[in-house]
Enquirer: 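First the structure, which I've put down as structure tokens, then a few questions once you've had a look.
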Protein chains: 2
Amino acid sequence: MTPQTPGPRGKRATILDVAAAASVSRQTVTRAMNDMAGISQETRERVQKLAAEMGYSPSRFAKGLVQGARTSIGLAIPDLTNPYFPAFASSVVEAAAERGWNVVVDDYGHGTGSAVDAAARLAPQVDALIGYLAPHANEVQALMGRRPVVALDSPDAGTAGGISFDYLQAARLALSHLASRGCRHVLFLDSDQGGPASSRSAAAAAVAAETGIRLTRLQAHPSAAAARSAVALLAAGGERADGILAFNDLMAAGVLKALRESGTSVPGDCSVIGMDGIPLGELLTPELTTLSLDLRSVGRAAVDLLDGLLSGSIQDRSPEAFLTLQHQLVVRQSA
Amino acid sequence: MTPQTPGPRGKRATILDVAAAASVSRQTVTRAMNDMAGISQETRERVQKLAAEMGYSPSRFAKGLVQGARTSIGLAIPDLTNPYFPAFASSVVEAAAERGWNVVVDDYGHGTGSAVDAAARLAPQVDALIGYLAPHANEVQALMGRRPVVALDSPDAGTAGGISFDYLQAARLALSHLASRGCRHVLFLDSDQGGPASSRSAAAAAVAAETGIRLTRLQAHPSAAAARSAVALLAAGGERADGILAFNDLMAAGVLKALRESGTSVPGDCSVIGMDGIPLGELLTPELTTLSLDLRSVGRAAVDLLDGLLSGSIQDRSPEAFLTLQHQLVVRQSA
DNA sequence: GTGCGCTACGTGAACGTTCACGTGGGTATA
DNA sequence: TATACCCACGTGAACGTTCACGTAGCGCAC
């Protein structure tokens with residue numbers, strides 16, 4: 001029962017070891033392991049049992065080498081704890097599975113890691129890469145050489161392809177909705193990552209200037225807890241806004257919490273709009289009005305794009321290799 | 001600029017093609033590609049440029065074959081849309097990254113897939129497997145041969161190792177808390193997956209029998225939306241319970257929604273307890289009381305276990321290869 | 001001019017598997 | 001009895017890379 005432990009760190013058994021132990025040839029072992037024809041049932045079982053005892057399992061490298069690669073793609077994601085990213089990852093995995101591709105996931109949000117670290121781990125393992133890479137997208141492409149990289153939300157990165165979002169249009173949707181609700185002074189709760197001001201924030205500022213809405217900006221870590229305490233602090237300081245637009249839904253959830261605790265009614269005293277459209281929004285009280293992305297289609301679009309790049313039907317860095325997706329305003333209760 | 005497209009599906013360029021084009025040997029190309037010593041700067045750049053133009057990238061299979069495998073592990077997960085699983089996945093990825101391992105994730109919840117499908121996709125790619133595999137854990141182990149499988153929440157599965165949860169203890173915590181709040185009739189909202197009654201539900205039934213609490217059981221798909229409509233239907237039917245214990249936090253969130261809509265006050269008219277301890281619970285209104293798992297430690301425990309199994313310091317199927325973790329009751333507002 | 005060392009390269013072998021054949025022996029068919 | 005065929009199994013070659021050497025050319029010191 002106990003395998004013939006060749007020592008914990010001993011070299012793994014190879015097909016030749018098994019063949020020798022069973023007094024047959026390599027090929028017969030291959031036939032036994034892969035349930036191929038041309039072998040007697042008796043020999044097949046004897047070899048399989050022996051292989052199990054010796055702890056033999058075929059090297060996936062040797063197999064891949066001779067059989068021709070199954071494509072496998074890397075997925076680099078900042079933080080699996082934000083429900084947006086798993087939802088995205090899920091759609092990528094699904095679309096990749098349809099093509100028989102494997103997906104290797106790496107999240108680099110923990111600790112001090114950046115997208116570059118994740119890409120460095122992924123690069124030797126994969127044929128292509130999808131990820132939220134800003135602001136290091138070009139370094140990642142360099143790491144991948146000529147293998148295609150699709151960067152999300154990282155416009156003008158030097159990658160083979162990209163998917164961006166039309167934040168100007170999104171900001172228009174949100175701010176005009178807020179304006180129609182009578183909001184005059186909107187707070188944009190921005191993420192403190194990715195430079196001085198995110199492109200979402202910049203777009204909101206531009207649209208606000210057009211519209212005559214007063215827009216102030218506050219930064220916090222893009223998590224519910226950080227957003228909550230940032231807004232709590234603000235409320236305690238006496239600052240008053242009649243509308244809040246958050247960098248993402250998770251932060252919006254924190255905002256709702258903070259407002260409830262400070263006794264501010266939503267949307268009565270203050271309207272709140274999130275961004276992403278994750279399912280969480282429907283579970284909150286009040287239900288979150290949000291700029292929603294069709295999460296399914298984002299991942300699918302990225303994989304389709306990659307497929308085109310890999311097959312050559314889309315040229316690297318050509319205009320078709322860059323898509324722009326739009327948000328939709330889903331009006332629920334919070335605004 | 002355009003690569004010398006050998007046709008979209010043409011064979012990939014190999015190191016020999018590059019060597020021939022540059023009029024150098026394989027080894028010199030290797031030196032150029034891997035930034036090794038013993039090559040002039042001029043040659044290095046010339047080769048690198050040529051390689052890029054030809055679309056050459058080293059085969060990871062050949063590389064892996066000759067350099068010895070980097071361990072990479074598979075992670076099979078039913079549904080990335082339930083925040084519990086990404087949280088778990090995240091901790092696995094983190095712990096694996098510390099050891100320099102790669103993680104290949106596959107979620108099999110979409111469509112009609114089972115854990116066996118995911119394992120079949122993963123098996124040729126990985127050295128070991130972690131996953132929520134019930135009730136197919138033994139088939140998955142068969143697929144993996146002698147490579148270790150760590151099954152979560154799948155007691156007595158024929159896998160190399162496993163991590164289970166002490167649902168009896170968890171049920172005691174929850175039901176005694178509910179009892180102390182005066183609950184007499186508790187509804188267990190069970191998942192409709194994995195057999196007639198989940199082990200969570202069975203444990204609750206056993207404890208309820210001891211305690212003299214009346215326990216009824218209702219099944220639904222383990223999602224917030226399904227739980228919501230199941231409970232709404234029940235409320236419309238006039239069925240009354242003064243406490244609800246849910247299979248997981250996501251279902252509990254749906255329960256809270258349904259109760260609010262039916263005008264039932266929580267915890268006044270009905271107490272609600274979830275299970276998992278995902279961050280979402282804190283964002284709900286009322287905040288969710290839950291049987292909480294230290295999500296970080298679950299993934300870490302699985303990876304530690306796998307490390308032991310791979311290195312041989314823990315024997316397959318030995319008592320040390322099976323851990324049992326305990327839930328803690330986190331009392332917030334809903335009960 | 002011999003010896004030494006350095007630089008920039010080239011060559012045989014090996015990694016572990018599968019593919020495409022080749023082979024010996026037995027059994028049915030003509 | 002000769003022929004054909006099938007079954008179970010074996011052998012050379014190939015996949016694409018890196019490792020461990022080997023080597024030609026050059027400069028420099030003695």
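Order of the sequence lines fixes the chain letters, A, B, ..., with proteins taken first and strands second; residue numbering starts at 1 for each chain.
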Enquirer: To the closest 0.5 Å, what do you measure between CH2 (B:Trp101) and OG (B:Ser72)?
Expert: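 The distance works out to 10.5 Å.
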
Enquirer: Specify the closest pair of heavy atoms between B:Gln141 and B:Ala160, including all atoms of both residues, with the distance to one decimal.
Expert: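 Looking at all heavy atoms of both residues, the closest pair is OE1-N, 2.9 Å.
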
Enquirer: Near DNA chain C, counting only heavy atoms under 4.0 Å, which residues of residues 32-41 of chain A show up?
Expert: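 The stretch gives A:Asn34 as the residues lying under 4.0 Å from the strand, ordered by number.
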
Enquirer: Taking atom P of D:dG16 as reference, at what distance in whole Å does atom CG of A:Asp127 sit?
Expert: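 It works out to 14 Å between those atoms.
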
Enquirer: Counting N and O atoms only, with roles assigned by atom type, does the side chain of A:Arg60 sit under 3.5 Å from a partner on the main chain of B:Val126, one being a donor and the other an acceptor?
Expert: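 The answer is no, because no donor-acceptor pair under 3.5 Å joins these two groups.
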
Enquirer: Expressed in angstrom and rounded to an integer, what is the separation of A:Arg60 atom CZ from C:dG16 atom C1'?
Expert: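 So the CZ-C1' distance, A:Arg60 to C:dG16, works out to 13 Å.
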
Enquirer: Supply the atom-to-atom distance A:Ile15 CD1 to A:Ser59 OG, rounded to the nearest 0.5 angstrom.
Expert: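 A:Ile15 CD1 to A:Ser59 OG: 10.5 Å, rounded to 0.5 Å.
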
Enquirer: Residues in side-chain hydrogen bond (donor to acceptor under 3.5 Å, both in side chains) with B:Asn138, at least two apart?
Expert: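 Result, side-chain hydrogen bond (donor to acceptor under 3.5 Å, both in side chains) vs B:Asn138: none returned.
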
Enquirer: Partners of B:Thr324 by side-chain hydrogen bond (donor to acceptor under 3.5 Å, both in side chains), sequence neighbours excluded?
Expert: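 With neighbours one apart ignored, the set is empty.
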
Enquirer: Could you tell me which non-hydrogen atom of B:Asp127 sits nearest to which non-hydrogen atom of B:Pro148, and how far apart they are?
Expert: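 B:Asp127 and B:Pro148 have their closest heavy atoms at O-CD, 3.9 Å.
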
Enquirer: Please report the end-to-end axis angle for the helix from C:dG1-D:dC30 to C:dA30-D:dT1, five pairs per end, rounded to 10 degrees.
Expert: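 Computed from the C1' atoms at both ends, the axes differ by 50°.
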
Enquirer: Just verifying a value: how many Å separate B:Ile39 CD1 and B:Thr28 OG1, rounded to the nearest 0.5 Å?
Expert: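 Output value for this atom pair is 5.5 Å.
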
Enquirer: Going by the rule ring-ring contact (aromatic ring centres under 6.0 Å, His included), which residues pair with B:Phe165 if we only count those two or more places apart in sequence or in a different chain?
Expert: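 B:Phe165 satisfies ring-ring contact (aromatic ring centres under 6.0 Å, His included) with B:His327 only.
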
Enquirer: Counting just side-chain N and O atoms, does B:Thr28 come under 4.0 Å of either OP1 or OP2 of C:dG10?
Expert: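 Checking C:dG10 against B:Thr28, a side-chain N or O does come within under 4.0 Å of OP1 or OP2.
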
Enquirer: Do nucleotides 21-28 of chain D as a string where each nucleotide becomes B, S or -: B if the base has a protein heavy atom under 4.0 Å, S if just the sugar-phosphate does, - if no protein is that close.
Expert: --------

Enquirer: Which pairs count as salt bridge (charged side-chain N to carboxylate O under 4.0 Å, His left out) when at least one residue sits in residues 21-44 of chain A, sequence neighbours excluded?
Expert: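 Those involving residues 21-44 of chain A are A:Asp35-A:Arg44.
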
Enquirer: Considering every strand and a 4.0 Å limit on heavy-atom distances, what is the contact class for B:Thr30: base, sugar-phosphate, or nothing?
Expert: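 Answer is base: heavy atoms of B:Thr30 come under 4.0 Å of a base.
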
Enquirer: Please name all residues satisfying salt bridge (Lys or Arg N to Asp or Glu O under 4.0 Å) with A:Asp316, sequence neighbours left out, ordered by chain then number.
Expert: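 If we apply the salt bridge (Lys or Arg N to Asp or Glu O under 4.0 Å) test to A:Asp316, skipping adjacent residues, there are no hits.
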
Enquirer: Could you list the residues that satisfy salt bridge (Lys or Arg N to Asp or Glu O under 4.0 Å) with A:Glu98, not counting sequence neighbours?
Expert: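 Counting only residues at least two positions away or on another chain, A:Glu98 forms a salt bridge (Lys or Arg N to Asp or Glu O under 4.0 Å) with A:Arg300.
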
Enquirer: Please tabulate the protein-to-nucleotide N/O contacts below 3.5 Å involving nucleotides 13-15 of chain C, giving atom names and distances.
Expert:
from	atom 1	to	atom 2	distance (Å)
C:dA13	N6	B:Arg26	NH1	3.1

Enquirer: Rounded to whole angstroms, how far apart are CZ on B:Phe61 and P on D:dT17?
Expert: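 Answer to the nearest Å: 12 Å.
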
Enquirer: Return the set of residues passing side-chain hydrogen bond (donor to acceptor under 3.5 Å, both in side chains) with B:Asn82 (not counting sequence neighbours), or none when no residue passes.
Expert: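 With sequence neighbours excluded, B:Asn82 shows a side-chain hydrogen bond (donor to acceptor under 3.5 Å, both in side chains) to no residue whatsoever.
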
Enquirer: What's the NZ-P distance between A:Lys63 and D:dG16, to the nearest Å?
Expert: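 Checked: the NZ to P distance equals 18 Å.
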
Enquirer: Would you indicate which nucleotide in D:dT17, C:dG10, D:dG10 comes nearest to any side-chain atom of A:Ser25?
Expert: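 Out of D:dT17, C:dG10, D:dG10, the nucleotide with an atom closest to A:Ser25's side chain is D:dG10.
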
Enquirer: Check ring-ring contact (aromatic ring centres under 6.0 Å, His included) between B:Phe88 and all other residues, then give those that pass, not counting sequence neighbours.
Expert: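 ring-ring contact (aromatic ring centres under 6.0 Å, His included) check on B:Phe88 returns B:Tyr132.
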
Enquirer: Rounding to a whole Å, what distance do you find between A:Arg44:CZ and D:dA8:P?
Expert: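 Whole-Å distance recorded here is 10 Å.
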
Enquirer: Rounded off to whole Å, could you give me the CD-to-C1' distance for the A:Gln27 and D:dT11 pair?
Expert: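 Taking atom C1' of D:dT11 as the reference, CD of A:Gln27 is at 9 Å.
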
